[in-house]
Protein chains: 2
Amino acid sequence: MQKEHNLSKNQKIIFDLIDKSGGPMKAYSILFNVQKKGIKAPLQVYRALDKLVEIGKIHKIESRNAFIACQNSSCQVSKATAFSICESCENVSEISNSKLSKYLSNFSDNSGMKYSKYNLEFFGLCKKCKSK
Amino acid sequence: MQKEHNLSKNQKIIFDLIDKSGGPMKAYSILFNVQKKGIKAPLQVYRALDKLVEIGKIHKIESRNAFIACQNSSCQVSKATAFSICESCENVSEISNSKLSKYLSNFSDNSGMKYSKYNLEFFGLCKKCKSK
DNA sequence: AACATTATGTAATAATATAACATTTAGAAG
DNA sequence: CTTCTAAATGTTATATTATTACATAATGTT
Ligand SMILES: [Zn+2]
Ligand SMILES: [Zn+2]
Ligand SMILES: [Zn+2]
Ligand SMILES: [Zn+2]
């Protein structure tokens with residue numbers, strides 16, 4: 001069962017916005033959208049984002065510098081993430097595939113390194129964009 | 001066999017610098033280091049980086065906004081990349097594991113999406129940092 | 001109440017990346 | 001060699017993303 005995190009005021013405002021948007025959002029677009037709610041400075045946004053990433057409510061799409069709500073209900077921390085990204089329409093979705101996550105979580109090579117976290121981003125064309 | 005790309009002057013200067021450094025380099029650190037060679041503006045660096053990424057001579061480490069020379073000799077384009085990143089010393093190395101790359105290149109799910117590219121970043125502690 | 005931790009507010013600035021425009025260089029085609 | 005085209009360069013300005021520094025307030029614990 002997922003631990004309940006009591007989000008603070010700013011965290012809640014920002015999480016709700018990202019979650020409702022249904023897709024990835026960029027920090028300054030978030031800032032613009034929450035200014036009417038009293039959040040005026042980039043740092044207020046980045047602090048909330050940092051915390052939300054830390055507790056796994058959102059993830060960062062590194063190749064896009066954007067943040068998306070966890071679509072997985074089970075990511076308690078952002079430590080094993082996989083996304084598919086359409087290079088045409090920029091639609092992003094979180095991949096939830098237990099075989100894949102098992103494979104990657106157990107991956108090890110001869111480097112002597114112990115992996116505690118990974119992030120995978122797949123790129124291609126989504127169904128819609130392929131048929132255009 | 002790898003296609004020979006005749007690098008232009010700026011591309012060669014910048015590739016050589018990154019390659020010799022042996023690790024990831026950030027764009028503005030590159031800029032600083034090549035100013036004595038006559039490359040004065042960020043755009044000159046970014047244009048060379050773009051091209052070098054395109055032809056697979058370097059890859060971008062998305063989570064670090066940094067660029068590293070391909071350690072793989074076979075990446076003709078930057079379309080299937082995997083890295084291990086030490087979160088303590090920031091050492092980065094390119095993972096060259098044919099099972100992994102086969103698994104990921106063939107990965108497909110029920111989203112109807114055709115994946116043509118991926119980037120995977122593993123995080124953890126390297127051998128050295130683990131033993132500290 | 002005292003203390004520690006987390007969150008907030010605000011201003012300034014750092015770091016990363018691109019737009020726009022002019023010019024030059026290098027190849028390919030004739 | 002000349003013409004044409006694509007790629008690369010040079011330069012200035014600006015956009016976008018993210019953090020530092022410092023002060024204050026709210027929350028939770030003992
Ligand atoms: Zn998730
Ligand atoms: Zn699409
Ligand atoms: Zn490579
Ligand atoms: Zn290390």
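Naming convention: chains lettered A, B, ... in sequence-line order (proteins, then strands); numbering from 1 in each chain.
- Residue order along DNA chain D, read from the 5' end via each residue's closest nucleotide, puts B/Lys51 first among B/Lys51 and B/Asn65.
- Put simply, the side chain of B/Met25 reaches to within 4.5 Å of the side chain of B/Asn33, judged on heavy atoms.
- Applying the salt bridge (Lys or Arg N to Asp or Glu O under 4.0 Å) test to every pair with at least one member in residues 5-15 of chain B, sequence neighbours left out, gives these pairs: B/Lys12-B/Asp16.
- Overall, the helix from C/dA1-D/dT30 to C/dG30-D/dC1 carries an axis bend of 50° between its ends, with five pairs at each end and the value rounded to 10°.
- Residues satisfying the side chain to side chain donor-acceptor pair (under 3.5 Å) test with A/Ser93, not counting sequence neighbours, are A/Ser84.
- By the side chain to side chain donor-acceptor pair (under 3.5 Å) test, B/Lys117 pairs with A/Glu87, sequence neighbours left out.
- Hydrophobic cluster of A/Leu125: no remaining members, since no ILVMFWY side chain lies below 4.5 Å from it.
- By the side chain to side chain donor-acceptor pair (under 3.5 Å) test, A/Ser63 pairs with A/Glu121, sequence neighbours left out.
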Could you run through nucleotides 18-23 of chain C and give me one letter per nucleotide, 5' to 3': B if any protein heavy atom sits under 4.0 Å from the base, S if only the sugar-phosphate is that close, - if neither? BBB---
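- Residue A/Leu7 contributes atom CG, which lies 13 Å from atom C1' of C/dT6 at whole-angstrom precision.
- Listed by first and then second residue, the ring pair (Phe, Tyr, Trp, His ring centres under 6.0 Å) pairs that reach into residues 90-111 of chain A are A/Tyr103-B/Tyr103, A/Phe107-B/Phe122, sequence neighbours excluded.
- With a heavy-atom cut-off of 4.0 Å to chain B, the contacted part of DNA chain D has its first and last nucleotide at D/dA8 to D/dT12.
- For A/Gln71, there are no side chain to side chain donor-acceptor pair (under 3.5 Å) partners at least two apart in sequence or on another chain.
- Distances shown here put every side-chain N or O of B/Asn6 at or beyond 4.0 Å from the OP1 or OP2 atom of C/dA26.
- At a threshold of 4.5 Å between non-hydrogen side-chain atoms, the residues A/Ile95 and A/Thr81 do not count as touching.
- When the side-chain nitrogen and oxygen atoms of A/Lys40 are compared with OP1 and OP2 of C/dG9, none of them lie within a distance under 4.0 Å.
- For C/dG9, one of the phosphate oxygens OP1 or OP2 lies less than 4.0 angstrom from a side-chain nitrogen or oxygen of A/Gln44.
- Among the atoms of the strands shown, none is found under 4.0 Å from any heavy atom of A/Lys12.
- Nearest-nucleotide positions on DNA chain D place B/Gln11 closer to the 5' end than the other of A/Lys26 and B/Gln11.
- Hydrophobic cluster membership for A/Leu43: none, as no Ile, Leu, Val, Met, Phe, Trp or Tyr side chain comes under 4.5 Å of it.
- When the ring pair (Phe, Tyr, Trp, His ring centres under 6.0 Å) test is applied to B/Tyr28, no partner is found at least two apart in sequence or on another chain.
- Spacing between atom CZ of B/Phe32 and atom C1' of C/dA14 amounts to 16 Å, rounded to whole angstrom units.
- B/Leu31 has its CG atom 13 Å from the P atom of C/dA15, to the nearest Å.
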